[in-house]
Amino acid sequence: MILFLTGSPTRYGQDRFTSDNGFLAEVKAALRQVTGGKRAPRVLLISAAPDDRAFTDSVRKGMGDCIHKSGISTSSFVMLDRRNAAKVPQLVARADWIILCGGHVPTQNRFINEIGLKALLKDFRGVVMGCSAGSMNCAGRVYSHPEYPGEAIDPGYRRWLEGLGLTDIQLVPHYYQVRNATVDGLRLFEDVAFPDSWGHRFYTFPDGGYVVRKEGRPAELRGEAWEISRGSMRRISEENQSYSFMNLVFISPHFPQTYWHFCAGARRNGVNVLGIADTAYENLPWELRQQLTDYYKVKNLEDYDEIYRAVAWFANKYGRIDWIESNNEYWLEQDARLRTDFNVTSGIKTDQIAAIRSKAEMKKYYGLGGIPTARQIRAAEGREAVRAFVARTGYPVIAKPENGMGASGTFKLHDDAELEAWFADHADNHVYFVIEEFVTGLLVSYDAIFNSRMEPIFENNTIFPTPIMEIVHNDLDTCYWTNKTVPKALAEIGRRTVRAFGVKSRFVHLEFFQLDRDREGLGKKGDYVGLEVNMRPPGGYTPDMMNFAHSTDVYQIWADMVAFDERRKDQGEQFYCAYASRRDSHRYAHSHDEVMARYGDAIRMSERVPSALADDLGDHAYMARFREKKDIEPFFRFVTQG
């Protein structure tokens with residue numbers, strides 16, 4: 001079902017559907033989708049005054065004229081009222097487009113309940129459009145504010161009714177017409193809706209605005225709009241803007257420290273951002289607190305039962321959870337388990353997690369995509385099997401945790417003696433490691449944001465001249481850079497990898513070696529070989545480097561993907577962005593002031609690195625952008641010269 005909620009599909013005084021905020025185009029596209037574009041739709045109108053024939057007939061004529069003046073042809077056009085109510089099952093089953101007309105909410109509500117419309121719409125696969133009262137009656141629990149004289153002071157008047165259950169959005173339509181309206185001497189907003197909004201959320205927008213909900217996606221409000229809750233009103237959207245009715249649970253939004261930008265992007269799109277972390281709310285960064293709709297502090301983020309209760313508390317308070325995310329490698333398995341337990345369909349679930357966490361399981365999916373990878377064996381197969389494996393690959397080989405992340409716990413073994421020593425040192429835990437042939441080449445990443453159709457809406461390439469493993473093991477300064485463009489061959493193999501793993505609606509960081517020589521079984525010099533997949537954003541400050549390099553905002557692009565399944569943030573001029581770090585344990589030839597004096601115009605960020613990231617990224621980071629690639633190496637040398 002595709003659902004539209006409007007006050008009126010026309011602007012006040014107009015005789016056809018408005019094109020404002022894309023409404024007419026959206027309706028036409030929805031009708032083409034349900035009919036396959038092969039025939040004109042069959043239309044069924046639902047009267048709001050089923051016993052008032054004159055009113056119903058005038059609404060039928062007015063809506064028919066309006067539809068046809070909007071350039072929409074129909075193959076049949078039927079008004080459902082008391083005269084043909086006995087045929088409602090057949091009429092609903094035949095319809096492609098059901099329009100719930102405007103009028104008196106309680107009157108229409110009685111009629112739709114009498115004819116059992118809720119049950120008949122349960123499996124309806126067409127377009128449903130509400131107009132005014134019809135939109136209000138689409139809610140499961142309908143807010144029927146007083147409208148006629150006497151209703152506001154009638155103690156028997158029911159303001160809450162059982163509706164069709166097509167949405168949980170409760171509307172007060174026709175903002176500009178009713179903003180200053182009174183009923184029985186009471187102001188509709190300040191004296192009626194505001195007091196009723198405690199514990200509820202009402203949405204109001206002028207004619208020309210609308211809500212649309214497509215199959216499998218949260219509802220989206222288009223155009224100027226306000227939210228009424230807790231006795232007051234706030235503007236949530238402007239003309240030609242969108243607001244998403246979505247509940248996003250963000251796990252550990254305070255770490256890394258730049259992740260509050262993901263929350264800010266989602267919040268700008270109208271998403272309810274619900275944070276869970278193990279830090280007191282007042283200790284969260286001020287910038288993050290401004291983006292959170294609500295927050296739940298847990299004692300221990302490792303305690304799944306406690307995290308589960310936090311998500312359940314949010315679900316009880318805000319309704320269905322649409323998205324659960326941490327964008328953090330460490331929490332990927334927990335995120336997947338939560339999605340599975342709460343039936344959140346927008347991300348990776350438990351049955352997919354092994355493919356992206358286990359370095360051994362990854363190999364199977366690389367194979368499905370025809371992507372070359374280094375040969376590998378599980379250390380659990382034993383010393384003899386590993387020795388036989390090394391006899392085929394030759395030294396050196398890499399021993400690394402099957403489910404590890406980054407360079408932690410990774411070892412480079414150069415000969416039989418080192419292999420034997422490694423087994424001796426890991427007698428109790430070697431079963432958790434894999435042994436992989438050592439491939440020489442340039443370490444590069446393909447970073448991208450994919451929508452639900454596995455289409456990239458943003459792509460980036462980062463170059464790591466010195467692998468992180470060597471940086472960590474040798475206490476080196478970290479230097480790497482983000483490319484202006486993504487090489488065509490890398491983009492192709494990156495997209496193929498995502499399709500092989502079947503991953504949708506995610507930020508991905510895929511690592512490849514670009515071979516420095518021909519290698520049998522892997523490819524020619526310059527070809528790309530799969531190293532590992534990371535189904536989350538690149539670590540550290542790389543997202544910020546992407547912003548600097550591409551003159552964009554990847555945090556917002558991710559948030560647009562979450563809320564709207566598309567990209568709405570443009571890119572500007574393209575640059576190279578270089579990262580150079582320093583370690584407190586090293587002495588440098590040039591002071592911080594000298595670095596800023598030499599490169600101040602190019603430097604976009606100079607920041608102390610959190611201690612948890614310092615092993616990989618150094619203690620102090622400089623990020624500079626350049627128009628020319630030739631400027632990168634001199635920058636590295638100047639910052640890191642001892």
Pairwise distance [atom1]([X]) to [atom2]([Y]) - rounded to 0.5 angstrom:
{"X": "M129", "Y": "L45", "atom1": "CE", "atom2": "CG", "result": "8.0 Å"}
{"X": "Q170", "Y": "T204", "atom1": "CD", "atom2": "OG1", "result": "13.0 Å"}
{"X": "N247", "Y": "W323", "atom1": "CG", "atom2": "CH2", "result": "13.0 Å"}
{"X": "E227", "Y": "F202", "atom1": "CD", "atom2": "CZ", "result": "11.0 Å"}
{"X": "L44", "Y": "Q90", "atom1": "CG", "atom2": "CD", "result": "11.5 Å"}
{"X": "M246", "Y": "F564", "atom1": "CE", "atom2": "CZ", "result": "8.5 Å"}

So, are [X] and [Y] salt-bridged, with charged N and O less than 4.0 Å apart?
{"X": "D15", "Y": "K69", "result": "yes"}
{"X": "D553", "Y": "K569", "result": "no"}
{"X": "R222", "Y": "D20", "result": "no"}
{"X": "D57", "Y": "K61", "result": "no"}
{"X": "R110", "Y": "E162", "result": "no"}

Task: Stepwise ring pair (Phe, Tyr, Trp, His ring centres under 6.0 Å) check, H145 with W160 - done: CA-CA 8 Å; H145 62 73; W160 299 99; over 10 Å; no
Task: Check: C101 main-chain N/O paired with Q108 side-chain donor or acceptor under 3.5 Å - done: yes
- [ ] Take F205 and W226 through the ring pair (Phe, Tyr, Trp, His ring centres under 6.0 Å) test and state the conclusion after the steps.
- [x] CA-CA 6 Å; F205 47 83; W226 292 261; 9.4 Å; no
Sub-4.5 Å side-chain heavy-atom contact between [X] and [Y]:
{"X": "D570", "Y": "H550", "answer": "no"}
{"X": "Y304", "Y": "D341", "answer": "yes"}
{"X": "L248", "Y": "N272", "answer": "no"}
{"X": "W260", "Y": "L284", "answer": "no"}
{"X": "R159", "Y": "V192", "answer": "yes"}
{"X": "R201", "Y": "S229", "answer": "yes"}

Open item on the list: Apply side-chain contact (heavy atoms from CB on, under 4.5 Å) to residues M546 and D447 and explain how you reach the verdict.
Closed with: CA-CA 9 Å; M546 295 177 188; D447 313 297; 3.3 Å; yes
TODO: Would you check, one step at a time, whether the test ring pair (Phe, Tyr, Trp, His ring centres under 6.0 Å) holds for Y259 with Y555?
DONE: CA-CA 8 Å; Y259 272 25; Y555 300 103; 7.2 Å; no
TODO: Go through the steps for K214 and E26 under the test salt bridge (charged side-chain N to carboxylate O under 4.0 Å, His left out), then give the verdict.
DONE: CA-CA 11 Å; K214 301 173 185 178; E26 283 275 17; 3.3 Å; yes
Looking only at the side chains, is there a donor atom on one of [X] and [Y] sitting less than 3.5 Å from an acceptor on the other?
{"X": "Q177", "Y": "D207", "answer": "yes"}
{"X": "S452", "Y": "D565", "answer": "yes"}
{"X": "S326", "Y": "S252", "answer": "no"}
{"X": "T293", "Y": "R267", "answer": "yes"}
{"X": "N109", "Y": "N137", "answer": "yes"}
{"X": "S144", "Y": "Y157", "answer": "yes"}
{"X": "Y143", "Y": "D196", "answer": "yes"}
{"X": "S132", "Y": "H174", "answer": "yes"}

Testing the basics here: between [X] and [Y], what is the closest heavy-atom pair and its distance to 0.1 Å?
{"X": "H509", "Y": "P538", "value": "ND1-CB, 3.5 Å"}
{"X": "P543", "Y": "V554", "value": "O-CG2, 3.6 Å"}
{"X": "I228", "Y": "A193", "value": "CG2-O, 4.3 Å"}
{"X": "G223", "Y": "L221", "value": "O-CD2, 3.6 Å"}
{"X": "Y203", "Y": "I236", "value": "CD2-CD1, 3.7 Å"}
{"X": "T6", "Y": "G130", "value": "OG1-O, 2.8 Å"}

Open item on the list: Quick test of your reading: applying salt bridge (Lys or Arg N to Asp or Glu O under 4.0 Å), list the pairs with at least one residue in residues 237-246, sequence neighbours left out, ordered by first then second residue.
Closed with: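 Residue pairs passing salt bridge (Lys or Arg N to Asp or Glu O under 4.0 Å), neighbours aside: R11-E239, R235-E238.
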Task: Residue pairs passing the salt bridge (Lys or Arg N to Asp or Glu O under 4.0 Å) test where at least one lies in residues 282-300, sequence neighbours excluded - done: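 Pairs touching residues 282-300 that pass the test: D294-K317.
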TODO: Take F262 and N327, measure what side-chain contact (heavy atoms from CB on, under 4.5 Å) needs, and give me the verdict at the end.
DONE: CA-CA 9 Å; F262 286 120; N327 277 336; 3.8 Å; yes
Open item on the list: Parallel, tilted or perpendicular: which one describes the rings of F4 and Y210, with boundaries at 30° and 60°?
Closed with: tilted
Task: Within 6.0 angstrom of R320 CZ, more than 12 heavy atoms from elsewhere - done: yes
Task: K349 atom NZ: more than 12 heavy-atom contacts under 6.0 Å - done: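 Atom NZ in K349 is crowded, with more than 12 foreign heavy atoms closer than 6.0 Å.
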Task: Cation-pi geometry met for R536 and F507 (6.0 Å, 45°) - done: no
TODO: May I ask you to establish whether R213 and F245 are in a cation-pi arrangement, using a distance under 6.0 Å from NZ or CZ to the six-membered ring centre and at most 45° from the ring axis?
DONE: no
Open item on the list: salt bridge (charged side-chain N to carboxylate O under 4.0 Å, His left out), that's the test. Do E114 and R82 meet it? Break it down for me.
Closed with: CA-CA 10 Å; E114 287 170 8; R82 190 71 65 190; 2.9 Å; yes
- [ ] Could you give me the CA-CA distance, side-chain angles and deciding distance for I348 and M535, then say whether side-chain contact (heavy atoms from CB on, under 4.5 Å) is met?
- [x] CA-CA 9 Å; I348 296 165; M535 298 305 178; 4.1 Å; yes
Open item on the list: Could you go through Y176 and E224, starting from their C-alpha distance and side-chain angles, then the distance that decides it, and tell me whether this counts as side-chain hydrogen bond (donor to acceptor under 3.5 Å, both in side chains)?
Closed with: CA-CA 11 Å; Y176 286 127; E224 187 180 23; 2.9 Å; yes
Open item on the list: Would E302 and Y330 count as a side-chain contact (heavy atoms from CB on, under 4.5 Å) here? Give the steps.
Closed with: CA-CA 10 Å; E302 305 274 359; Y330 190 80; 2.6 Å; yes
Task: Residues T18, T10; criterion side-chain hydrogen bond (donor to acceptor under 3.5 Å, both in side chains); working and verdict - done: CA-CA 5 Å; T18 182; T10 69; over 6 Å; no
Open item on the list: Determine whether N547 and T552 satisfy the following criterion, side-chain hydrogen bond (donor to acceptor under 3.5 Å, both in side chains), listing intermediate values before the conclusion.
Closed with: CA-CA 5 Å; N547 289 345; T552 191; 5.6 Å; no
Open item on the list: Going by the rule salt bridge (Lys or Arg N to Asp or Glu O under 4.0 Å), which residues pair with R568 if we only count those two or more places apart in sequence or in a different chain?
Closed with: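 For R568 the salt bridge (Lys or Arg N to Asp or Glu O under 4.0 Å) partners, ignoring immediate neighbours, are E220, E566.
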